[in-house]
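All residue numbers in this chain count up from 1 along the given sequence.
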Amino acid sequence: MAPLLGSVGEAVGDVPALLALARDIGRTAPLPGEGSTARLWELLASVTAVDVAAGRVLEPHLDAVAILSQAGALDPEMAETAWGVFAAEGPGLRLEAAADGAGTYVLNGSKPWCSLAAHLDGAVLTAHLADGRAAFAVDLHAPGVSCETPQWTSRGLREIPSGTVHFDGVSAVPVGGPDWYFTRPGFAWGGMGVAACWFGGAVAVARDFSSALAAAADNGREPDQIALAHLGETDRILTSLSGYLARTAGRIDAGELSGSGAWSEALRVRGTVAAAVERVQSLVAQNLGPGPLAFNEAYGKRMADLSLYIRQHHAMRDDAQLGARTLKGDRSW
């Protein structure tokens, strides 16, 4: 993996180069649930540990390839193009799909939070039908597609602004049937793949911490007990997360997370990783202080990127969803 990670490091900040790498990786990357889920998650975590934004580019492309494969709709040529996944909803915005009588559908309306839409070739997106929501594959270069360029004020993920895409009579191909997108086990597996990226970002922050303490020691300033205690806690957190992710990947490949319990496990994984990431960031920031945030470009970028990325987790709302499932008996304790 070292040559690949070297290429990622050289492409930091260059979206076309990162998308080209995503396409290359997508040709050979494992698909979730097919025996090498742990290797897939290690790949996502390792790329994100080099650069959080690079992981944020790679993950949706691989997720789209997996979705198309799960639906039996993956054409070999699709792997040669850059894909995104657009499933978010937003107030006042609605994307609707209507059958055109020829086996395809026509999209009309708007979709929010479409990351890198202007740079991508295609997307798997969700749209409203008369009786629910369904997934569709769409060519983002097709007539009738227009991408807003948002005013992205965040310091995090600046290479990856997420704007609204408008569709006016755009042809789309169904991917699975109505509600298939949200009920398939792969929906949960993909959500856990995002958590693997978050984990990789936390590993990188922890490495920044350890390197800073080692550099200080080399200059005659040994870390005090508080710094060592926080590094020890960081080690415990990351070691536990690594084991948890590996076990969960094994359960996916063994067929243990292919039913209704898959989403409960996804909520556990995502919540556990998100909380751990925030704890690691807090420990490191307290110890290193404002200096590297102000003057170390790579560290400051990583902290800002990761802080925004983990906001894909809905915190207590996701815990409430998990609690409701736990109350109904979906638990192991």
Side-chain angles (χ1 to χ4, degrees), residues 32-33 37-38 40-42 44-45 48 52 55-56 59-60 62-63 66-67 70 85-91 112-113 124 126 132-135 176 178-203 233-234 236-283 306-333:
T37 303
L40 170 64
W41 290 359
E42 181 182 10
L44 289 169
T48 311
V52 174
R56 182 66 182 82
E59 183 278 323
L62 296 187
D63 190 33
I67 293 165
Q70 291 158 12
V85 179
F86 306 150
E89 299 286 327
W113 293 104
V124 175
T126 57
R133 276 199 290 169
D179 297 324
W180 171 85
Y181 178 85
F182 295 102
T183 58
R184 65 193 165 89
F187 181 67
W189 303 344
M192 289 186 268
V194 173
C197 292
W198 299 340
F199 169 71
V203 168
E233 181 180 347
T234 298
R236 284 193 294 105
I237 289 170
L238 296 180
T239 301
S240 297
L241 283 183
S242 177
Y244 184 21
L245 288 169
R247 289 191 301 274
T248 304
R251 292 182 64 200
I252 289 173
D253 290 335
E256 298 175 14
L257 294 175
S258 59
S260 59
W263 184 241
S264 293
E265 195 59 36
L267 290 168
R268 294 184 192 104
V269 167
R270 286 168 63 87
T272 299
V273 174
V277 168
E278 291 184 317
R279 179 58 179 166
V280 168
Q281 285 189 290
S282 177
L283 290 170
L306 188 56
S307 295
L308 183 57
Y309 196 2
I310 61 170
R311 289 280 57 82
Q312 285 189 5
H313 180 247
H314 303 125
M316 285 188 288
R317 289 180 174 83
D318 278 359
D319 276 348
Q321 186 182 160
L322 178 60
R325 299 171 75 93
T326 301
L327 191 61
K328 293 178 180 178
D330 190 356
R331 61 179 186 262
S332 62
W333 45 272

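The side-chain heavy atoms of Thr272 and Tyr244, taken from C-beta on, include a pair separated by under 4.5 Å. The shortest distance between side-chain heavy atoms of Ile252 and Met192 falls below 4.5 Å.
In this structure a side-chain-to-backbone donor-acceptor pair under 3.5 Å is present from Thr48 to Leu44. A donor-acceptor contact shorter than 3.5 Å is absent between the side chain of Ser282 and the backbone of Glu278.
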Expected list for residues 315-323: side-chain donor-acceptor pairs under 3.5 angstrom, two or more places apart:
{"unit_1": "Asp318", "atom_1": "OD1", "unit_2": "His314", "atom_2": "ND1", "d": "3.4"}
{"unit_1": "Asp318", "atom_1": "OD2", "unit_2": "His314", "atom_2": "N", "d": "3.3"}
{"unit_1": "Gln321", "atom_1": "OE1", "unit_2": "Trp263", "atom_2": "NE1", "d": "2.6"}

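Ion pair Arg270/Glu265 not flagged as a salt bridge, since none of the NZ, NE, NH1 or NH2 atoms sits closer than 4.0 Å to an Asp/Glu carboxylate oxygen.
No cation-pi contact links Arg311 to Tyr309, judged by a cut-off of 6.0 Å to the six-membered ring centre and 45° from its axis.
Of all non-hydrogen atoms in Trp41 and Gly193, the two that sit nearest each other are NE1-CA, 3.7 Å. Arg325 and Ser264 make their closest contact through NE-OG, 2.6 Å (heavy atoms, listed as atom of the first residue, atom of the second, distance). The minimum heavy-atom distance linking Val269 with Ala195 is given by the pair CG1-CB, 3.9 Å. Considering all non-hydrogen atoms of both residues, Pro32 and Ala66 come closest at CD-CB, 3.7 Å. In terms of heavy-atom proximity, Gly201 sits nearest to Val52 at CA-CG2, 4.3 Å. Between Glu89 and Thr126 the shortest heavy-atom distance is OE2-OG1, 4.1 Å.
Note that OH of Tyr181 and CD1 of Ile67 are 4.5 Å apart. Values are rounded to the nearest 0.5 Å. Atom SG of residue Cys197 and atom CZ of residue Arg56 lie 9.0 Å apart, to the nearest 0.5 angstrom. Distance CG/Leu245 to CD/Glu42: 11.5 Å, rounded to 0.5 Å.
Side-chain contact check for Thr326 and Arg331: no donor-acceptor pair (N or O, by modelled atom type) lies under 3.5 Å.
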